[in-house]
Amino acid sequence: MSMQVLRRAWARLFRGTSRTPAADAASVVHEELPTWVLEAMALLIGGPVNPAVFERWYKRALRDSSHRYVTLQAQFGTVTYVVDRERQRCFADPNGSALHFQGAVLTLEGDESRFQPFPAVTDLYTVDLASGTLAWQDCPHTGAMQDFERFTNSHA
């Protein structure tokens with residue numbers, strides 16, 4: 001078992017709530033690279049993605065039950081990107097790590113707890129992706145393009 005799994009189990013034990021993803025939500029953590037993950041990344045950076053490089057870059061991908069929203073997070077504690085596949089736009093959340101979807105509401109874990117080995121309190125917050133109050137940007141996302149290009153060049 002990894003330290004991250006143990007840390008999150010410990011946090012749930014003392015928090016008393018479960019962060020189990022909904023049964024219909026899809027989550028991918030390096031077992032496979034389904035096409036929806038690669039398509040979301042290609043939309044995010046505005047071009048084709050080399051699966052071998054992408055597999056080393058990303059940590060986790062989630063999608064909602066409607067398959068409209070996909071979250072992508074890199075290995076290195078960077079921004080969590082949310083891609084709206086239907087409207088070809090993206091949202092960057094620099095403060096958290098995506099945990100699960102409940103409809104169009106995304107639950108994230110804040111930086112204060114995700115970078116501590118045994119946090120006393122887990123900082124959870126939600127973002128309603130359908131609310132119309134988020135600062136969506138058209139794809140491709142300039143910051144994501146630069147981050148991925150920098151990673152690709154340093155790991156070529």
Side-chain angles (χ1 to χ4, degrees), residues 1-34 36-41 43-45 54-148 150-151:
M1 234 194 262
S2 74
M3 282 301 289
Q4 185 177 21
V5 171
L6 290 172
R7 178 180 61 84
R8 289 188 178 185
W10 185 264
R12 276 196 301 273
L13 179 68
F14 287 99
R15 188 179 56 249
T17 61
S18 174
R19 295 184 304 172
T20 306
D24 58 351
S27 174
V28 176
V29 185
H30 286 289
E31 285 85 29
E32 69 224 34
L33 273 177
W36 60 267
V37 173
L38 293 172
E39 288 169 359
M41 185 63 179
L43 187 61
L44 181 67
I45 64 171
F54 178 69
E55 191 170 303
R56 291 190 316 260
W57 176 84
Y58 99 108
K59 175 181 179 181
R60 186 165 181 217
L62 296 170
R63 72 176 169 182
D64 72 326
S65 58
S66 71
H67 302 207
R68 176 179 176 176
Y69 301 108
V70 175
T71 65
L72 299 167
Q73 184 178 10
Q75 289 283 358
F76 311 107
T78 59
V79 174
T80 295
Y81 296 103
V82 181
V83 178
D84 180 347
R85 294 171 41 164
E86 183 179 296
R87 297 181 73 187
Q88 296 194 355
R89 60 186 185 166
C90 53
F91 169 71
D93 188 324
N95 301 318
S97 192
L99 295 175
H100 63 86
F101 280 100
Q102 186 170 1
V105 176
L106 176 63
T107 301
L108 296 109
E109 178 179 33
D111 279 342
E112 295 302 316
S113 57
R114 76 174 171 159
F115 293 125
Q116 297 176 8
F118 299 102
V121 177
T122 303
D123 177 26
L124 297 180
Y125 61 98
T126 59
V127 176
D128 186 355
L129 302 174
S131 71
T133 60
L134 296 177
W136 289 99
Q137 300 174 29
D138 291 334
C139 288
H141 187 276
T142 306
M145 289 171 36
Q146 292 170 348
D147 288 345
F148 192 67
R150 208 173 12 254
F151 178 84

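None of these values were measured; they are calculated from a predicted model.
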**Message:** Applying salt bridge (charged side-chain N to carboxylate O under 4.0 Å, His left out), can you list everything that pairs with Arg89, at least two apart in sequence or on another chain?
**Reply:** Asp84
**Asked** Hey, does Val37 have a side-chain heavy atom less than 4.5 Å from the side chain of Val70?
**Response** no
**Request:** Over all heavy atoms of both residues, which pair between Glu109 and Tyr125 is shortest? Give the atoms and the distance, please.
**Result:** C-CE2, 4.3 Å
**Message:** So Trp136 and Arg87, do their side chains get closer than 4.5 Å, heavy atoms only?
**Reply:** no
**Any Gln102 side-chain heavy atom under 4.5 Å of Thr107 side chain** = no
**All side chain to side chain contact (heavy atoms under 4.5 Å, CB included) counterparts of Gln146, not counting sequence neighbours** = Thr142, Arg150
**Message:** If we ignore hydrogens and angles and just use 3.5 Å, is the side chain of Arg60 paired with the main-chain N or O of Ala98 as donor and acceptor?
**Reply:** yes
**Asked** Got a sec: does the CD of Gln88 have more than 12 other heavy atoms crowding it under 6.0 Å?
**Response** no
**Contact summary for Leu44 and Cys90, nearest pair of heavy atoms** = CD1-CB, 3.8 Å
**Asked** Looking at residues at least two apart in the chain, or sitting in another chain, which of them share a side chain to side chain contact (heavy atoms under 4.5 Å, CB included) with Ser131?
**Response** Asp128, Thr133
**Prompt:** Do you know which two heavy atoms are closest between Pro140 and Met145, and how far apart they sit?
**Reply:** CB-SD, 3.4 Å
**Complete:** Value for OH (Tyr58) from CG (Leu33), rounded to nearest 0.5 Å, stands at 4.5 Å
**Prompt:** Taking C-beta and beyond as the side chain, do Trp36 and Arg63 meet within less than 4.5 Å on heavy atoms?
**Reply:** yes
**Asked** Are any of the side-chain heavy atoms of Leu72 and Phe54 separated by less than 4.5 Å?
**Response** yes
**Asked** Would a distance-only check, ignoring hydrogens and angles, find a side-chain to backbone donor-acceptor pair under 3.5 Å from Thr80 to Gly96?
**Response** yes
**Request:** Working to the nearest 0.5 Å, report the span between CG of Leu108 and CG of Leu99.
**Result:** 6.5 Å
**Item:** Heavy-atom check, side chain of Tyr81 versus side chain of His141, under 4.5 Å
**Value:** yes
**Atom pair CZ (Phe91) and CD (Gln137), whose distance is rounded to the nearest 0.5 Å** = 9.5 Å
**Message:** According to side chain to side chain donor-acceptor pair (under 3.5 Å), who are the partners of Ser66, at least two apart in sequence or on a separate chain?
**Reply:** Asp64
**Fill in**
With sequence neighbours left out, the residues meeting side chain to side chain donor-acceptor pair (under 3.5 Å) with Tyr69 are none
